[in-house]
Amino acid sequence: MHSTLVRAQNVFGFFTTVAFCTALLTALSVLLTPQTPSATIELRNVQVVKGRPHYYSPKKEEYAHIKFDLDADFTSLFNWNTKQLFVWITATYPPANTSSSAHPSQAIIWDTIVNSHSQSHPFNPFKFFEKAPLSTKKPQKSTPTKKQEPRLRPGIVRLKNSKPKYQITDISGLLSDCVNVTLEVGWNVQPWVGALTWTLPEGMQLGRWKGVKGGKSKVFNMPALKGKSANSEPVVASSGTPKAAEASAVL
Amino acid sequence: MFSALSSLQPRQFLTQILNFALVLSTAFMLWKGLSVATDSPSPIVVVLSGSMEPAFQRGDLLFLWNRGMNTQIGEVVVYNVKGKDIPIVHRVVRRYGGGEQPLKLLTKGDNNLADDTELYARGQDYLERSQDIIGSVVGYVPFVGYVTILLSEHPWLKTVMLGIMGVMVVLQRE
């Protein structure tokens, strides 16, 4: 049985086997690289103001505007299988008017995408053809060779007195005088292939991966509502229309 | 081709058909088994559009897990909006309740400026963990889902593929 069909079948089968094994080994190899992330986060300033969820909403809610300093080193989270790192800061606070056993509420006040080197400089096989000289003339030797730029390792995040990206509000619409608030850094490593990994809390260890060093701010309290006069310009929390990232079942 | 068919013994022909049925039912059982293991109606989904770019692009395959009901902030969840068919993949950015209280979540696409309140059903401000969410993304494989996208956009390909598979199995001789 050496028909074209059988050969094509064998080649395709071999290709899928090799692709699957490579993907599997790549996904597993991530466990071998040590991870030692660290972060310090500090509160700079916090204000609570009245606002509306969007421009045409009659609803009035209290919004917290939290400014912060962040100094984080996530370079060790980048390995050859890292596509991007998603970093965020959450504000964690106890919900109002409930017992102390209730789960704390959480809201993201700032986030960013940190691209890996392989994501921002994708491999381009045509690059080699572009560089090849078209003429047969030898290149002059006197031209100074271009200095190779040092490959910066992504993952250092430094922010001074940064504004929040999102003004947060509570489900009850009230946030002023809320006590026991903390800021926390979290992340999600998104791979080229394999499992997604999330924040490893301080003190935890998973094989060669260490939990984050620091990563939490001191506890603080929300101030009283600012500018109670009705004339003050209200905050509008969101702008723009979201697009849906749609998905469908495989079968 | 037909000469090959006619040269088969009827018994052998029936065995091949049985084999084909076995292959199909195995695939179906694997899918349903995975559904039971992950507690999700569709444990593997394909990304169709790009509001989670550059992380998830069209044609990427996502593996879901739906057993952890205590969804944390920063997790990427797939949810169904009431009254709409197509599930949506977005990240959890706010989280209220949990434990004995119902867990309420607000989501947002990494590539979007605004959160998803406008995408939800009329009058709905938050997602209910136990009702709306069909799973949380745990694994990722690029490109492979393009096969599914092709099949769903050109339905005749499905018939052709099934036909080819059937003919191959029937004609194949051990």
Side-chain angles (χ1 to χ4, degrees), chain A residues 1 5-6 9 19-20 23 27 53-54 83-84 86-88 90 92 95 98-99 101-109 111-113 115 119 165-166 168-172 184 186-188 190-199 237-251, chain B residues 28 31 41-42 44-56 61-62 70 72-76 78 86-91 93-101 103-104 106 108-119 125-126 137-142 145 148-149 152 168 173:
Chain A
M1 291 293 275
L5 190 69
V6 172
Q9 221 174 359
F20 178 76
H54 52 90
K83 184 177 190 180
Q84 68 169 44
F86 192 77
V87 181
W88 65 83
T90 51
T92 309
T98 41
S99 58
S101 64
H103 285 234
S105 302
Q106 284 181 309
I108 290 186
I109 61 163
D111 60 24
T112 190
I113 295 170
N115 281 328
Q119 168 86 320
K165 242 169 119 173
Y166 313 106
I168 56 162
T169 182
D170 189 53
I171 201 162
S172 64
E184 245 173 279
W187 72 80
N188 173 211
Q190 288 169 303
W192 286 107
V193 61
L196 282 78
T197 51
W198 277 270
T199 326
S238 77
S239 54
T241 320
K243 283 173 289 172
E246 288 158 349
S248 79
V250 165
L251 284 183
Chain B
F28 185 70
W31 175 253
S42 56
I44 306 177
V45 294
V46 181
V47 179
L48 295 181
S49 58
S51 75
M52 284 296 276
E53 276 186 5
F56 301 147
L61 221 57
L62 304 176
N70 189 18
Q72 295 300 314
I73 215 158
E75 276 188 41
V76 183
V78 177
I86 301 165
I88 296 175
V89 201
H90 277 173
R91 195 183 295 275
V93 295
R94 281 182 205 173
R95 176 179 190 279
Y96 304 110
E100 286 162 20
Q101 254 88 42
L103 182 56
K104 292 190 170 183
L106 179 71
K108 176 183 164 290
D110 290 357
N111 200 19
N112 288 346
L113 283 175
D115 57 47
D116 290 351
T117 322
E118 284 181 47
L119 292 176
D125 284 337
Y126 296 97
V137 178
V138 291
Y140 169 84
V141 177
T148 318
I149 291 184
S152 60
M168 291 258 251
R173 270 174 274 181

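Numbered from 1 within each chain, the chains take letters A, B, ... in sequence-line order. These numbers come from a predicted model, not from an experiment.
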Atom group of A:D170 that falls short of 4.5 Å from chain B, counting heavy atoms:
both
Most contact-rich option vs chain A, by heavy-atom pairs under 4.5 angstrom, among B:M52, B:E53, B:E75, is B:E75
Can you tell me which portion of A:A23 sits under 4.5 Å from chain B's heavy atoms? Options are side chain, backbone, both or neither.
neither
Heavy-atom distance under 4.5 Å to chain A: side chain of B:E100, backbone, both or neither?
neither
B:R91 and A:F86: CA distance, side-chain angles, deciding distance, side-chain contact (heavy atoms from CB on, under 4.5 Å) verdict:
CA-CA 11 Å; B:R91 195 183 295 275; A:F86 192 77; 3.2 Å; yes
Measuring from B:D110:CG to A:Q84:CD, what's the distance to the nearest 0.5 Å?
6.5 Å
Which one wins on heavy-atom pair count under 4.5 Å against chain B: A:I109, A:T199, A:V193?
A:V193
Report which part of B:P41 has an atom under 4.5 Å of a heavy atom belonging to chain A: side chain, backbone, both, or neither.
neither
NE2-CG distance between A:H103 and B:N70, expressed to the nearest 0.5 angstrom
6.0 Å
Any donor and acceptor pair, going by atom type alone, linking the side chain of A:K83 with main-chain N or O of B:P54 inside 3.5 Å?
yes
Atom of A:A107, atom of B:R94 and distance for their closest heavy-atom approach:
CB-CG, 3.5 Å
Within a strict 4.5 Å, meaning less than it, do heavy atoms of the A:I171 and B:K104 side chains meet?
yes
Under 4.5 Å from a heavy atom of chain B, the part of A:I113 involved
side chain
Mind checking whether B:R95 and A:S105 have side chains closer than 4.5 Å, heavy atoms only?
no
A:W88 side chain near B:V93 side chain, heavy-atom distance below 4.5 Å
no
Best-contacting candidate, A:T169, A:D111, A:T197, against chain B by heavy atom pairs under 4.5 angstrom:
A:T169
Identify which part of A:W187 has an atom lying under 4.5 Å from any heavy atom of chain B, answering side chain, backbone, both or neither.
neither
With a 4.5 Å cut-off on side-chain heavy atoms, are A:L196 and B:V138 touching?
no
Considering non-hydrogen atoms only, spot the tightest contact between A:W198 and B:V137 and give its length.
CH2-O, 3.1 Å
Over all atoms of both residues, closest heavy-atom pair of B:Y140 and A:W192:
CE2-O, 3.1 Å
Contacting moiety of A:Q106, where chain B heavy atoms sit under 4.5 Å:
both
